[in-house]
Every structure is written in structure tokens, then in C-alpha cells.
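Note that these values count all heavy atoms, side chains included, but never hydrogens, waters or copies made by symmetry.
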Amino acid sequence: MQTDFKKELNEQQLQVVLETERPLLVLAGAGSGKTRSLIYRCAWLIKEKKVSPQNILMVTFTNKAAKEMQERLQNILGFSVRYLWVGTFHHICTQILRNEITFLPFNRNFTIYDEDDQLSLLKKIYKEHNLDRERFPLKTVLNRISTYKNRLLLPEDLNEYNLEISMETYKFDRMVPKIYTIYQQNLLLNNALDFDDLLLYTAKLLQNNEIVRKKYQQQFQYVMIDEYQDTNYAQFEIVHQIASEHKRICVVGDDDQAIYSFRGATIRNILEFEKDYANALAIRLEQNYRSTSHILKLANAIILNNRHRHSKILWSELGEGFKPNLFVYNDDMEEANRTADLILQLYEEGIPFREIAVLYRTNAQSRIFEYAFLQRNIPYTIVGTVHFYQRKEIRDLLAYLTVIFNPSDNNSLLRIINEPPRGIGTTSVSRLLEYASQAHITLYQTIQNVQAVQTIQPGIRKKIAEFAEKLEDWHRKAQSTPVLDLVKEVIDSLDLINHYKNSQDPVEISRVENLIEFVSSVSEFSERWIEEYDKSPLLADFLPFVALQTDIDRVNETADTVYLMTLHNAKGLEFESVFITGLEQELLPHLRSMNSKYSIEEERRLLYVGVTRAKSRLFLSYARSRRKYDSFYFTEPSIFLQELDPNLFAGYNDAITFKRIPNRKTYIKPKSLTNKQFYIGQKVWHSEYGQGLVLNVDGTGPEARLTISFTSGKLAKIIASYVSPEPF
DNA sequence: TGAGTAGTGGTTTTT
DNA sequence: CCACTACTCA
């Protein structure tokens, strides 16, 4: 193996592999082969240094990256590394918490709450305590609580705020710790943890419990952390507690790609690494093995405008390549249509769809592209919008599974108690809750003994009892029945397929498909599980997996589809061709980030991340007007474009003067591109027939009839509004 | 008491 | 344009 990889790595990468015994800080530019270096380092440890896989901890940013690392490592080593600890922080923390459950205030079957669960729990709290949702907006409060947790601050650490003043008179800052206290109590009552809790409890456990800390310090002899620039204080503390003793730690990161400060990530962890770990060695990887020079030139020029960074210039030996294109469109619809046309053209040039990605700042932007792609039969996969697991029907089904697994979870039980409708309305539910709180039992226990709740009509009591009996039956079965069989039984027994199929509403009918897809995803999960562990997975194996699963993990590489995703989701990926769309003020940089220099710099890094995803073709675009809700507004080109030298781009010249258009509040229908006069000899593009040459123009404006000779051989007369000028 | 309907307010990014 | 809330009818 030694001879193998020494040829494949450059000098600095080799150093990353071989320097295993001291703290290592790897400053790795985009596309500089950091993943490869990490994998070889890991292989070196196992093969040459005879380190057992279970003594290695490797933290990645996504589950997908973890899976990839594991597979590539197995290929190199030629044997299974099942016992290697590789995964995201959240995944690894979940594992640790389950192992150490005896030291924790909740039980083994805890539920992991996502944002939707958090919101519904908080809504319930607001109702019970008469809190004003306008004065204390749910999301703002949740964000603040998250910030506290990321800094490892518990409600009791904020005690100075717990003055005995009536709730209504609290100002926001004083109210949040109060809500935080109640929120934490409620999570415990539900035997539930939110995402931040996974980190918080793990960090606190390692800090305060010497037995546990020693155990993991000894187990994880070698620690590697990817994307270190995007770790927060809680994550830092977890790593530090584990690694500060033996100090065999290797972190990899790039300050220019820090894009998660809103989640508490702090660049401090990279900047202070050499202070946190004495005798640390810093290695820089600057040679890029991904993109051609024109693309890197643009990337370097963009990031040069950030003041708070380590100077770093990417270079490659892959040749000059194509200059990036910049396109200006009149509106967002045109941007989507033209992007789709360009993608078809690339496809015809031999680039598979899976090597093409369309990136944007906000999830809402995906819809219009979907529409354009559907019209042209371009296969696509959206990564990260409405998460598959967030659709109503899937969440409902998951709520059933959650209650079956963790009966203490009132929140999930409330979600399904009348879903599908079984005649248990709000009044009955509040009577159940009232009884439960007076008797100091859970909602689940209450419905198991519903005959005791005299306030509810006997008829409804009977319905509740039937429901409760079903749940209890499944709860018993779940201990031994494979999760796939259990899921099928739940769906059958609730008659969900027919429930949705028989609806008049097409939205409801479409839910059937998702249910079927869910079953097949459970089936897929089961197969993989059986392959690895030689036994069928139970519900207890499946639920934690689902909770930490994200859309990016569901990306299926075998299908040939274009990828649509946010710039955030594109991190760590690479594509032959990349489109970055919506380069407008208030979109990129986003309006909500424009109030501070620091956050503008983060937006600029976001663009930098997008640009550095491209291997050979890069297309940037913006629209002069954009639809929002149901009206148009006018846009200005992004400041990030305005600060660049236009010569970095190929393409339209008038596009790169970045003329500002005065903002108007009233809606004026944007002039379509086709208002431009077409001329004989012009190269044009048609969505169906492709590229063509104008032979004759009859009339003016969008109504003009053009005679076009298409490269496909077809000669056609076409109304001007159906074709667009050829951009290349 | 529950279910269906009209009106209202709200979009950053994610584990 | 969509998801959620408050209101009305069966």
C-alpha cells in the first residue's frame, strides 16, 4: 500500500497521512484533495500503524460523506471497517448517549425532535402559559435557545433572569430563559431531545463525568474532524474533551468555506487551534485538483473581497478551460427556461445530467426550475427542499412509529390521536390532557385507561380505547417484529392507502405514492442492515437512522438526473457543470444578511463555495425582476458581481456592465427578451428544436414570424416569442 | 362536538 | 402562492 499512495499524493498531502502523533491543522482549499488525504491517513493508521478501527473517530459533515469514506476505505484496505466510528457529530453523539443512558435524565427510547417537532411543542407551551406569539416569535425564541445550547448554557446558567415578575411584563431577553426552562422540562417529559441537545448532553456528560470521559479518551486514540471551520462551541468541547489528553487529533478546514455561523459555528476553532493544542503542526493544501484555471481565477477574485481571512490562492494544472459565463435575464421565469435550455445543450454535448447542478440561495427558488425542467422532460432531483421525511403523510406515519417506540412522547401522540380522523376532537383531547396532568400520568397512560376519564362521553371513550389498544399491541410487537413488517401492518390497519386514494383532492391522492416510497425506503434500509448485521432491523434500529437522515443522504448516484440544491447543500460536492442563479442584491447576499459586514462576508463565502464546485463549466446568472408571492419586484445585480472585473467572464457584454436599474414599487411587466429585434443570420435557441439560424424575419416584436434553419436539419416558421437569442 | 371553509400573515441557510 | 388559524355549519 505504501508505494501505491505515495505516487497519488503530493508532498503536503503525504504529510497529512504520516504525521499521526501530534496535533495537525490542515488548511485545505476547495478541491485540494482533503478527503483523499483523510482516507489515506485512516488507512495508514489501520494498515501500517496497526490501530484497530474502533480506536479511530472520524467526524464528517454529512451522513453521505461518512458512508463514502467508509466505502472508499474498505476498497483501499480490502476488508470491512464496520467498527470504525465514522459519522456526523449528531450521529456519533446519539450513539454515545445511548451507550451512556444510565447517566442521563431520559431513557433509551428517546425521540429526536426536528424543527417541526420543536415548533409544535413550543406552540403547546405558549397556549398553556398564555404567551404572545407576536412579542415572542416562535422561531426567534427557538433560535435563541439554540444559541444557548450551542454555547453549553443550560437554563440554570441563566438564573440571573429568573426574577419573579409576571410573565407579561418580561421583555424578550428576559422571557427567553423562562421559556427555555419550560421547554427543556417539556422535552424531558416527552423523553425527547432536539438536535442541539444531542451535542449539549454529550458535551456536558464528557465534562462532568470522569468515568465516561476517560472511557472515550481511551477508546478514541486517533481523532479526525472534517469541515472544522463549521463546528460550534459545543462540538469543539466534545472533541476537546476526547482529544486533549492524547492529542492525536487532525482537523481539516477552510476558513473561506465557513458558511454555518447562523448555527453557532465559529471560525475561532480554526484560528485558535494552534493555541488549543500546543505543538500543533499546520499544513496547507493549496493546489486544486478539481477546476480549470478560469474558474479558479473567478473564485480567487470573489473571495479576495473578504477582509477577514487567511490569504490563500487556489491554482491548478488542469489548463485554462472555459471562461465562466454570466447571463442576465429579464425575469426569474426566463432565467429558469434559459437555464433549462442550456442544460439540454450541455447534455447534447455529452455531459450527463448527473454532472450538472443548479444552485441557488433559498429553497423557494427551486420551484420555477422544476416547472421549466418538467416542460422539457429534463430529469431532476431536488436536494433539500421539502424534506421527504417532512411531508405530512410521512410525518404522520413516523409519529405512529415514534409513539410505538417511545410512548412517553405526548407530542407525537397528539399528532396522531385523530389522524386519520376517528372522531376524537379537540374537546375530547383537552379533557384527556386535563385528566393526565391531574393524575400525573402521561397521555399514553391516560388513553390506556380511558374508562377512568368520566368527563368524556362513553361513545368517544370507546373509540379512544380501540385506538389505545392498537398502539399497545404494536408497542409489544415492536420488540421482536422486523420494522418492515411493522410498518406494513400499521399502514394496512389504518387503511391509509384507501384513505388517501378515495379523497377528492389530488394533493391527498398523491400522498399514496409517498407512502409507497416510504415503505420501499424501509425495505432498502432493512436489506442493508441484514447484509451488515445478519439479522432484521427492529423499530429501535430504524428510528434514529431516520431522525438524522437528510435529503442529501438520499441522493442516488445511479440515476442520471440534474441536481437542484441550495448553495449550503452543495458543500463538499463537485460537478462538471454548475449554474449559480439569482445573483441579486437581497437574494445573494440575502436581505437578512445585509445588516453586517461579517454576515455579508459569509454570503460571499457561500458564492465562493458554489463557484468552486465546478470542474469545467460555470454559469452565473441573475434576473432583473423576480416574482415574489404573486407580484413582481425589480432587482439589482449582486454586489458580488459589481466588485468583479467583467473580463473574468465570457458571454454577453451588456450583461457585465452591471447597470443599476432604479427601484420602482409599482409593477411593470418586464420586457421580454423577445422584444428585442431579431435579425437575419442571428443564432437562436428553441426549446424543442434546439439551436438554429434566422433566415428571415417577417414583422416586428414578439409577434414577428421567423424562418429558422435548425442544426437538427429542420426548417420552421416560428413566432418570435418562442425563441431566444443564442447565448454562446 | 367535529369537520369543512374563508380569511390572514409570512420565506435564509441546516444537523 | 401556501400553510396555518379562526370561524361557521352539520
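In this structure, A:Arg605 is not positioned above the aromatic face of A:Tyr608 in the sense of NZ or CZ being under 6.0 Å from the six-membered ring centre and within 45° of the axis.
Rounded to a whole angstrom, the distance from the C1' atom of B:dT13 to that of C:dC4 is 23 Å.
One atom, CZ of A:Phe262, and another, C1' of B:dT15, lie 9 Å apart when rounded to the nearest Å. Residue A:Asp114 contributes atom CG, which lies 15 Å from atom P of B:dT13 at whole-angstrom precision. Remark: P of B:dT15 and OH of A:Tyr260 are 6 Å apart, rounded to the nearest angstrom. The interatomic distance linking A:Phe195 (CZ) with B:dT15 (C1') rounds to 5 Å, in whole Å. Taking atom CD of A:Glu115 as the reference point, atom C1' of C:dC4 lies 15 Å away to the nearest angstrom. Nucleotide B:dT12 holds its P atom 13 Å from the CG atom of A:Asn595, rounded to whole Å. Atoms CD1 (A:Ile112) and C1' (B:dT14) sit 15 Å apart, rounded to a whole Å. One interatomic measurement links the two molecules: CZ of A:Phe61 to P of B:dT14, which rounds to 10 Å at whole-angstrom precision.
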Listed pairs, N/O of protein and of nucleotides 5-10 of chain C, under 3.5 Å:
none

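Aromatic ring orientation, A:Phe575 versus A:Tyr563: tilted (interplanar angle from 30° to 60°). Classification of the A:Phe579-A:Phe619 ring pair by plane angle, with boundaries at 30° and 60°, yields parallel. Ring orientation note: the planes of A:Phe525 and A:Phe542 are nearly perpendicular, at an angle over 60° on the 30°/60° scale. Note on ring orientation: taking the six-membered ring where Trp is involved, the planes of A:His240 and A:Phe236 are parallel (angle under 30°, cut-offs 30° and 60°).
Surrounding CZ of A:Arg268 are more than 12 heavy atoms belonging to other residues, nucleotides or ligands, all under 6.0 Å away. In the displayed structure, A:Arg367 atom CZ is contacted under 6.0 Å by at most 12 heavy atoms of other residues, nucleotides or ligands.
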> Which letters describe nucleotides 1-8 of chain B, given B = protein heavy atom under 4.0 Å from base, S = only from sugar-phosphate, - = neither?
Replying inline: SSS-----
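By the 4.0 Å N-to-carboxylate-O rule, A:Glu68 lies close enough to A:Lys64 to be salt-bridged with it.
The listed nucleotides are B:dT13, B:dT15, B:dT11; the one nearest the side chain of A:Thr88 is B:dT15.
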Name the atoms and distances for all side-chain donor-acceptor pairs under 3.5 Å in residues 594-601 of chain A, with sequence neighbours left out.
unit_1, atom_1, unit_2, atom_2, d
A:Ser596, OG, A:Tyr598, N, 3.4
A:Ser596, OG, A:Ser599, N, 3.0
A:Ser596, OG, A:Ser599, OG, 2.9
A:Ser599, OG, A:Ser593, O, 2.7
A:Ser599, OG, A:Ser596, O, 3.2
A:Glu601, OE1, A:His308, N, 3.3
A:Glu601, OE2, A:Arg307, N, 2.7

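Phosphate contact (OP1/OP2 of B:dT15, side-chain N/O of A:Thr62, threshold under 4.0 Å): absent. A close approach under 4.0 Å does occur between a side-chain nitrogen or oxygen of A:Asn363 and OP1 or OP2 of B:dT14.
Remark: ring of A:His590 overlaps the six-membered base ring of B:dT12 in a stacked fashion, centroids less than 5.5 Å apart, planes less than 30° apart.
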